[in-house]
Number of protein chains: 4
Amino acid sequence: MKREPKRAMPRAKSAEKNARSAKAGTRKPSLAPTRRERVQSKEDAIIAAAHKSLTTRGFAKTTMSEIARKAGVAEGTLYLYFSNKNALARAVLAVFYKRLTQTAKTGVAKCATTREKLEFLARHHLESIIGERRLLELIASDVRNTDAYEGSDVYKMNREYVAVFDDVMRGGVWRGEIEDGAAQWIKRDIFFGSLEYSMRTLLMKKRSSKKDVAAVVAELVKLLMGGAGVRTEPMSNRDLTKAVERVDAAALRLERLSAVKM
Amino acid sequence: MKREPKRAMPRAKSAEKNARSAKAGTRKPSLAPTRRERVQSKEDAIIAAAHKSLTTRGFAKTTMSEIARKAGVAEGTLYLYFSNKNALARAVLAVFYKRLTQTAKTGVAKCATTREKLEFLARHHLESIIGERRLLELIASDVRNTDAYEGSDVYKMNREYVAVFDDVMRGGVWRGEIEDGAAQWIKRDIFFGSLEYSMRTLLMKKRSSKKDVAAVVAELVKLLMGGAGVRTEPMSNRDLTKAVERVDAAALRLERLSAVKM
Amino acid sequence: MKREPKRAMPRAKSAEKNARSAKAGTRKPSLAPTRRERVQSKEDAIIAAAHKSLTTRGFAKTTMSEIARKAGVAEGTLYLYFSNKNALARAVLAVFYKRLTQTAKTGVAKCATTREKLEFLARHHLESIIGERRLLELIASDVRNTDAYEGSDVYKMNREYVAVFDDVMRGGVWRGEIEDGAAQWIKRDIFFGSLEYSMRTLLMKKRSSKKDVAAVVAELVKLLMGGAGVRTEPMSNRDLTKAVERVDAAALRLERLSAVKM
Amino acid sequence: MKREPKRAMPRAKSAEKNARSAKAGTRKPSLAPTRRERVQSKEDAIIAAAHKSLTTRGFAKTTMSEIARKAGVAEGTLYLYFSNKNALARAVLAVFYKRLTQTAKTGVAKCATTREKLEFLARHHLESIIGERRLLELIASDVRNTDAYEGSDVYKMNREYVAVFDDVMRGGVWRGEIEDGAAQWIKRDIFFGSLEYSMRTLLMKKRSSKKDVAAVVAELVKLLMGGAGVRTEPMSNRDLTKAVERVDAAALRLERLSAVKM
DNA sequence: AATGAATGAGATTTCATTCAT
DNA sequence: AATGAATGAAATCTCATTCAT
């Protein structure tokens with residue numbers, strides 16, 4: 001099932017990639033694409049082709065020759081850019097996460113309140129993964145398990161992506177809008193886990209409406225922000241209770257006092 | 001890529017069916033297994049072997065010959081009981097769900113309160129899937145997508161399993177312990193989605209403690225039962241309202257008092 | 001039972017196509033075979049190997065691995081050139097027909113009379129198929145029935161081959177050597193059907209002689225050209241009848257004459 | 001591809017069959033089927049089932065289990081009656097030939113002239129094989145080649161069948177209706193070969209008409225009976241013979257006359 | 001005599017990966 | 001740097017035949 005390389009592959013790739021963007025300013029401008037640009041665009045084409053196949057057919061059914069055809073390169077060329085099918089899939093995931101992070105950050109920046117930010121993030125995530133569910137299989141399976149996932153590009157990009165959510169949540173806590181209850185990783189898992197499960201349900205429904213998405217998003221945000229979520233004033237339930245009790249007691253004493261006096 | 005069965009399979013399959021011959025009591029008891037018993041035990045052995053391979057190596061890397069070897073039968077025999085690899089995987093899933101449903105129901109029955117029931121279900125699910133994460137891949141991928149998933153055995157067993165959760169939730173709502181907010185399917189997705197995502201995090205942690213599991217369970221149940229869950233003293237919203245009314249009334253009287261005095 | 005190709009095959013296949021690159025003359029001649037030449041020769045080798053196996057062991061008993069071994073290539077390579085076993089068998093048939101047509105045309109061109117042409121064709125066909133009877137099974141069975149036979153290469157080549165016979169017959173009719181009786185397809189079926197059946201008989205005879213072949217050929221041609229074929233004296237039955245009647249009448253007159261005289 | 005038995009099979013079959021019909025008269029009549037009758041009917045059922053599968057799906061695609069199912073017996077039972085798939089197929093062929101021979105003989109007996117007999121035989125053969133073309137594949141391939149064909153039941157039955165044709169032809173020759181030209185086996189091959197080839201053409205035609213069948217039959221018979229078939233004036237061979245005798249007699253008298261004169 | 005579960009050799013086909021050009 | 005033909009291990013699935021019951 002797996003045919004791992006028998007000998008180390010002589011590829012210059014990483015170096016190439018890292019060298020990119022280096023002293024771009026010093027290069028003399030030219031209309032014809034430079035070698036570096038050509039290489040980059042070819043890599044992009046391969047990733048785009050792989051992305052398309054992966055999302056439409058899934059990992060197992062996607063073949064390297066199919067990707068090569070779509071990308072307009074020879075099969076052998078794929079191995080010049082990526083050491084194997086798994087690495088290529090990981091690159092696709094990395095790009096996916098990069099884009100996702102980008103749009104998430106941009107969208108969040110436009111939101112005023114924590115609530116709005118969370119709502120945006122939830123909807124954004126849900127809508128994004130609905131079209132790329134096959135990509136998520138990758139995360140849960142082979143690509144993630146086979147080789148060192150931690151330390152890989154995908155892992156890093158994933159951290160960066162969820163960090164957007166973490167920042168929003170921490171901001172909410174700091175400003176007292178969200179109770180500092182559970183550990184952040186737990187909230188994170190609840191957030192993304194719920195959304196991915198909902199995606200499956202949505203996909204199974206014959207016709208999933210915008211309303212369904214909205215309902216999921218609303219409920220999730222409500223839960224994460226504390227049931228109090230609808231309150232305008234940010235006083236906690238417990239504080240309120242205490243306060244009421246104090247006032248109640250005070251009123252009682254006043255009443256007794258006045259009753260005596262009168 | 002896959003070839004689905006062309007003809008009906010000569011298999012004895014389900015226990016229910018085998019029990020049919022009814023007057024088992026009249027047969028003279030014998031220590032040697034009957035033909036039917038052997039068939040059943042063989043099917044069990046195959047499923048057990050498949051389960052083991054599937055959970056340890058995943059669907060793609062599991063081969064039929066590996067399963068046959070583990071089960072102690074010839075490769076061809078597998079196809080006597082299951083029309084293809086997919087069907088076998090589905091049978092494994094069905095057994096998994098059946099067992100899961102059984103233990104879930106039993107456990108829930110022993111719990112007194114809705115809270116306890118939910119906590120039990122959450123912990124039970126989390127602990128169960130930690131060892132069988134590869135099995136869950138199946139649900140999310142091939143087995144689910146390839147053929148008519150809806151209407152399949154797995155689908156039915158899955159419905160039965162989640163129904164346990166649904167019943168608990170509905171019971172809680174009915175008894176006023178849980179707010180009847182979002183649609184049931186949303187709560188369900190939040191519950192199971194959160195747990196499965198948490199499972200992944202737990203598995204990635206070098207050493208996931210019992211405390212982590214407990215924390216996830218607690219937080220999830222808190223959210224589903226409404227934030228009120230954490231209060232020490234059980235003052236209900238209704239109590240609070242009453243108190244506010246009292247304070248309001250007291251304030252009114254104070255106002256009158258002061259009006260008299262002044 | 002059979003799985004037909006799902007995707008286009010990366011094959012160089014036909015000679016015509018390869019000749020396309022046109023300025024072959026400008027290329028500097030080299031002794032080492034070019035890539036294209038190697039591809040073509042490999043295809044030829046595969047077809048030759050398949051031909052050998054097919055004719056000696058028949059379709060069912062011929063295995064792809066056997067062909068690969070004979071051709072000196074890996075099994076997978078076969079599928080680079082032919083999408084499956086059926087397609088390979090059809091290619092073998094196509095080559096067979098091509099060669100057959102070639103030699104038939106050449107031979108016919110050398111013959112003077114229609115009779116000679118038919119005799120040549122009959123003998124040529126009979127001798128050709130005696131060594132390749134297993135190939136003919138293909139035509140009558142799987143290869144022909146499984147997929148769209150009509151429109152296939154084999155079909156076209158077969159049409160081309162039988163056209164040689166058709167032309168000869170039509171020529172004979174046009175020149176008045178053959179009576180324009182039955183439909184052409186009927187004559188064609190009689191011609192080829194008789195020969196193939198005779199082949200079987202010949203093969204069953206412990207020692208089939210040249211004389212047997214000659215006898216079959218002679219008889220068949222005689223029939224197709226009209227019974228006149230065997231007459232030494234070219235007098236028809238009708239002529240004979242007339243002659244007899246004339247003699248009869250003459251004898252009668254003589255008798256009367258002599259009776260008077262005497 | 002072939003899995004021939006590894007050891008001789010302990011079957012009583014032949015003996016059983018031959019013993020049949022033995023002293024039938026001595027058996028006491030009974031309404032319930034005897035053991036022998038049951039065995040015979042089971043064999044018949046198997047052959048009938050095999051015949052159906054063989055004619056509709058061909059040899060390769062017909063499976064023993066399919067036959068067993070259709071015949072209403074267990075797979076193992078097939079091997080009690082026939083040593084392997086090939087033998088079963090041969091039995092089917094034998095039955096086919098037996099029936100064919102029977103109907104051929106009956107039909108021929110009802111015809112007055114040689115011409116009519118041939119026409120009947122041709123049409124009968126053509127119509128019979130059109131529905132059973134898959135059976136004919138057997139004759140041309142495996143069944144015939146694999147084991148000792150000569151000496152087998154099929155071979156004998158085939159001889160018996162073609163003997164019907166042979167008899168008709170020999171009768172025609174003896175009565176002077178057919179020229180005694182070619183060897184009988186040649187005429188036989190022409191007859192059956194032409195018809196089987198025509199069958200293929202007929203099957204390929206989108207809609208083969210009765211007229212097509214009639215045309216083939218007419219042409220074939222015309223050829224076999226000699227071109228005489230087309231004569232306009234009906235002077236029979238017998239007339240011709242008489243005339244010759246008269247001429248001969250006349251010549252004799254003339255000789256005598258001249259002897260007197262001289 | 002009958003059964004039918006079990007066998008296991010063997011067939012076709014796929015495709016990630018290599019490497020000579 | 002690019003190609004793409006070649007590889008060959010490995011996977012799934014079939015089915016004639018056997019044999020314990």
Side-chain angles (χ1 to χ4, degrees), chain A residues 1-7 9 12 35 38-39 42 60 62-66 68 73-81 83-86 88, chain B residues 1-3 5-7 10-12 32 34-35 38-39 42 60-66 68 73-81 83-86, chain C residues 1-3 5-7 10-12 32 34-35 38-39 42 60 62-66 68 73-81 83-86, chain D residues 1-7 9 11-12 35 38-39 42 60 62-66 68 73-81 83-86 88:
Chain A
M1 184 94 290
K2 255 328 125 44
R3 268 160 293 178
E4 283 303 302
K6 273 144 207 155
R7 55 173 195 131
M9 229 210 21
R35 167 179 291 217
R38 261 186 293 115
V39 162
K42 193 158 279 185
T62 294
T63 68
M64 293 299 268
S65 85
E66 181 192 340
V73 300
E75 273 180 82
T77 308
L78 299 183
Y79 290 85
L80 249 31
Y81 290 83
S83 53
N84 54 37
K85 195 183 173 186
N86 258 322
L88 175 48
Chain B
M1 199 125 297
K2 279 295 145 49
R3 266 177 298 178
K6 272 150 213 150
R7 56 179 187 127
R11 57 187 281 224
T34 64
R35 177 178 280 212
R38 261 183 297 112
V39 161
K42 195 153 280 184
K61 290 192 184 169
T62 294
T63 71
M64 293 301 267
S65 78
E66 180 191 340
V73 300
E75 261 179 272
T77 306
L78 299 183
Y79 292 87
L80 222 51
Y81 289 83
S83 49
N84 55 35
K85 196 182 170 187
N86 256 318
Chain C
M1 196 120 296
K2 277 297 141 48
R3 266 175 298 178
K6 272 149 209 150
R7 56 180 186 127
R11 56 189 279 224
T34 64
R35 176 178 283 212
R38 259 184 298 114
V39 161
K42 193 152 281 183
T62 294
T63 71
M64 293 300 267
S65 78
E66 178 191 343
V73 300
E75 262 177 89
T77 306
L78 300 182
Y79 291 86
L80 222 51
Y81 289 83
S83 51
N84 53 39
K85 195 181 170 187
N86 256 318
Chain D
M1 183 96 289
K2 254 327 124 45
R3 268 161 292 177
E4 283 302 302
K6 274 144 207 155
R7 55 174 196 132
M9 229 210 19
R11 56 189 273 244
R35 169 179 291 218
R38 262 185 292 116
V39 162
K42 193 157 281 185
T62 293
T63 69
M64 292 300 267
S65 84
E66 181 190 338
V73 300
E75 272 181 81
T77 307
L78 299 182
Y79 290 85
L80 248 32
Y81 290 82
S83 54
N84 54 36
K85 196 182 172 187
N86 259 322
L88 175 48

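To find a chain, count down the sequence lines: A is the first, B the second, and so on, and within it residues start at 1. Fair warning: this is a prediction, and the values are worked out from it, not measured in the lab.
Counting all heavy atoms, side chain and backbone alike, D:Ala60 lies closest to D:Lys85 at O-NZ, 3.9 Å. Nearest approach of D:Met64 to D:Leu78, heavy atoms of both residues: O-CD1, 3.3 Å.
Taking every side-chain heavy atom of D:Glu75 into account, F:dA16 is the closest of E:dT13, F:dT12, F:dA16. Listed nucleotides: E:dT7, E:dA16, F:dT3. Nearest to the side chain of B:Leu80: E:dT7. In the set E:dT12, F:dA16, F:dT7, F:dA16 carries the atom at the smallest distance from any side-chain atom of D:Tyr79. With distances taken from any side-chain atom of A:Met64 to the nucleotides E:dT3, E:dT13, E:dT17, the minimum falls on E:dT17.
A distance-only check finds no donor-acceptor pair linking the side chain of B:Lys42 to the backbone of B:Val73 [under 3.5 Å].
Pairing for E:dT14 is with F:dA9, a Watson-Crick or G-U wobble pair whose two hydrogen-bonding atom distances lie under 3.5 Å. Base pairing of F:dT3 is made with E:dA20, judged by Watson-Crick or G-U wobble geometry with both donor-acceptor distances under 3.5 Å.
Between A:Thr77 and the phosphate of F:dT3, there is a side-chain N or O to OP1/OP2 separation shorter than 4.0 Å. Side-chain nitrogen and oxygen atoms of A:Lys42 include none within less than 4.0 Å of the OP1 or OP2 phosphate oxygen of F:dA1. Side-chain nitrogen and oxygen atoms of B:Tyr81 include at least one within less than 4.0 Å of the OP1 or OP2 phosphate oxygen of E:dA6.
Closest-nucleotide positions on DNA chain F for B:Gly76 and C:Ala74 were compared, and the one nearer the 5' end corresponds to C:Ala74.
Rounded to an integer number of Å, the gap from D:Glu66 CD to F:dT17 P is 15 Å. For B:Lys85 and E:dT13, the NZ to P distance is 20 Å, given to the nearest whole Å. Atom CG of B:Asn84 and atom P of E:dT12 are 21 Å apart (whole Å). Remark: P of F:dC15 and CG of D:Leu88 are 16 Å apart, rounded to the nearest angstrom. F:dT18 atom P lies 13 Å from atom CG of D:Leu78, rounded to whole Å.
In this structure, CD in B:Glu75 is found 11.0 Å from CD in B:Glu66, a value given to the nearest 0.5 Å.
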